Each structure stands twice: as structure tokens, then as C-alpha cells.
Amino acid sequence: MSLLIKNSGLMAATAVAALVSGLVLAHGDVTPQAVETKGLTPLGDDWLEENPYKPEHPEHEAAVKVGASAYNQNCARCHGLEAISGGIAPDLRELESGIEGDDWFIYRVREGAVRDGRVYMPRMADYMDQEAVWAIRTWLETVSHGY
Ligand code: HEC
């Protein structure tokens, strides 16, 4: 793989992106898309347990925008456009709001869903920044059925 990168003549970032999609294609037939998180302050390396972009957060609006696009790029193919599930994966509008829902959301996005060696959902958080992942959660809250 390093040979591939060396000979590619591509910029390092492009090569890494290609490598990442190659890995995922091998493990779950998904091509994750790089997510532009402009306007969101870095959240650090440690995963938060709760969505930081609550409606009162100054970056809430920016997070909703980033999240809508990141969702369509990385989740819609299984969970449905606009989070309206076509039935192959759970309808994410049904996720619980607030911290309870945050907890389950972040667990699933980090761990994926693998049973008997079959990848039902890849570990999506491996291919995205924490900001992008919580931005998706923030957007999902805006279309949620609530509880
Ligand atoms: C390759 C298809 C696929 C992709 C891509 C995918 N998921 Fe999933 N996801 C699934 C499946 C299938 C399940 C159900 C897992 C199970 O049966 O345990 C699931 C479950 C979940 C759950 C738990 C839902 C519940 O009601 O229990 C969450 C949250 C979730 N996905 C979020 C995401 C997010 C966010 C993304 C994009 C970053 C994403 N998924 C991308 C297939 C996918």
C-alpha cells in the first residue's frame, strides 16, 4: 500500500483518502466521503459522550449544515435520503433525543454493527472527524420524530 502511495504522484491527502476508501470497500462496501467541517471548532481527540452542538451552542447552525451534507455523503445510502429509511437500515429519525440518544448514536457510529463476521454497518467514525460525527447527530435531531 505504501508503494501505491509513493508511485501514485497524487498529493498525500488524496492518497490517504483513496487508501481509506479502499479499506472500507474491503470491509463493508462503503465509500466514505471526506467531510468539510469548516466553521466547527476542533473538539479534540477524546470522544465526547454528549452532543456538544445543542441549539444554544454558537456553532449549532454551522453543525446542522455540515451534518446534513455529511449524512447525505456517508449515511444516506443505507439509512435513506433525508433520514427516511427505505427499510434496509433503521430509521434514524426514531433515535431518542438528548443524552440517551447521543449515547446510543455515538456507540453505534464508533463500533459499527458486526455479527458473525458480517458487517451490517462499518465503524463510520473511523473515517470521519468527531466534529463531523456530532454534526450528523445535530442534523438528525432537527428531523427527529422526538420522544
Ligand atoms: C453499509 C450500510 C450503513 C451505513 C453506510 C451506515 N449505517 Fe448505520 N446502520 C446500518 C445497519 C444495517 C444498522 C442496524 C445494525 C444492526 O442490525 O445491529 C445501522 C444502525 C445504526 C444506528 C443504530 C440505530 C438504531 O435504531 O438502533 C445508528 C445510530 C446508525 N446506524 C448511524 C449511522 C450513521 C450516523 C451513519 C453515517 C455516518 C451510518 N449509520 C452509516 C447500516 C449502515
Side-chain angles (χ1 to χ4, degrees), residues 1 4 10-147:
M1 283 193 180
L4 185 79
L10 296 170
M11 281 168 25
T14 319
V16 169
L19 183 65
V20 166
S21 31
L23 281 176
V24 180
L25 282 173
H27 291 292
D29 190 32
V30 177
T31 311
Q33 309 280 314
V35 175
E36 176 62 70
T37 54
K38 221 171 79 198
L40 300 180
T41 310
L43 296 171
D45 291 338
D46 293 337
W47 284 90
L48 302 176
E49 291 171 3
E50 191 177 349
N51 185 6
Y53 306 122
K54 296 278 153 54
E56 59 276 12
H57 191 284
E59 292 170 3
H60 174 78
E61 284 301 315
V64 171
K65 277 208 192 101
V66 168
S69 139
Y71 174 89
N72 279 326
Q73 287 176 309
N74 292 291
C75 320
R77 56 174 293 167
C78 292
H79 290 281
L81 281 173
E82 300 297 319
I84 301 166
S85 171
I88 55 166
D91 194 309
L92 299 181
R93 295 171 302 169
E94 304 294 339
L95 284 175
E96 214 170 325
S97 291
I99 180 111
E100 297 288 314
D102 288 353
D103 198 48
W104 178 233
F105 170 86
I106 203 66
Y107 170 80
R108 200 39 107 205
V109 175
R110 292 186 65 196
E111 298 301 319
V114 183
R115 283 188 300 274
D116 303 326
R118 267 206 71 177
V119 178
Y120 293 88
M121 172 171 152
R123 294 169 175 249
M124 296 307 290
D126 287 358
Y127 310 102
M128 259 173 267
D129 291 339
Q130 166 159 219
E131 297 79 50
V133 171
W134 283 120
I136 292 173
R137 168 69 173 156
T138 309
W139 175 73
L140 280 171
E141 287 267 30
T142 68
V143 296
S144 159
H145 287 165
Y147 268 72

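Whatever order the structure lists ligands and atoms in, that order sets their numbers, starting from 1. Quick caveat, the model's predicted, so the values are computed rather than measured.
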Can you list the ligand 1 atoms lying under 4.0 Å from a non-hydrogen atom of [X]?
X: Asn74; value: 5 (C), 37 (C), 41 (C)
X: Met128; value: 38 (C)
X: Cys78; value: 1 (C), 2 (C), 3 (C), 4 (C), 5 (C), 42 (C), 43 (C)

Should the proximity of [X] to ligand 1, defined as any heavy atom under 4.0 Å, be assigned to the side chain, the backbone, both, or neither?
X: Leu92; result: side chain
X: Glu94; result: neither
X: Pro90; result: side chain

Parallel, tilted or perpendicular, as decided by the 30° and 60° cut-offs, for the rings of Tyr53 and His57:
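Judged by the thresholds at 30° and 60°, the geometry between His57 and Tyr53 is perpendicular.
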Steps toward side-chain contact (heavy atoms from CB on, under 4.5 Å) verdict (Ile84, Arg93)
CA-CA 7 Å; Ile84 301 166; Arg93 295 171 302 169; 3.6 Å; yes
Could you pull out, from Gly101, Ala76, Ala89, the option with a heavy atom nearest to atom 11 (C) of ligand 1?
Ala89
Looking only at non-hydrogen atoms, the one of Arg137, Arg108, Met121 nearest atom 31 (N) of ligand 1 is Met121
Is the number of heavy atoms from other residues, nucleotides or ligands within 6.0 Å of CD (Glu50) greater than 12?
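Counting other residues, nucleotides and ligands, CD of Glu50 exceeds 12 neighbours.
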For His79, is at least one N or O under 3.5 Å away from an N or O on ligand 1?
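N/O-N/O distance under 3.5 Å: yes.
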Could an N or O of ligand 1 be found under 3.5 Å from any N or O of Arg115, whether backbone or side chain?
yes
Is there a side-chain contact between [X] and [Y], using heavy atoms and a 4.5 Å cut-off?
X: Phe105; Y: Trp134; result: yes
X: Arg110; Y: Trp47; result: yes
X: Gln130; Y: Leu48; result: yes
X: Val66; Y: Glu131; result: no

Determine whether any heavy atom of Trp104 lies closer than 4.0 Å to an atom of ligand 1.
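Right, Trp104 reaches ligand 1.
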Thinking salt bridges, do Arg137 and Glu141 make one under a 4.0 Å N-O criterion?
yes
Taking N, O or S atoms only and a limit of 2.8 Å, check whether Met124 reaches atom 8 (Fe) of ligand 1.
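False for Met124.
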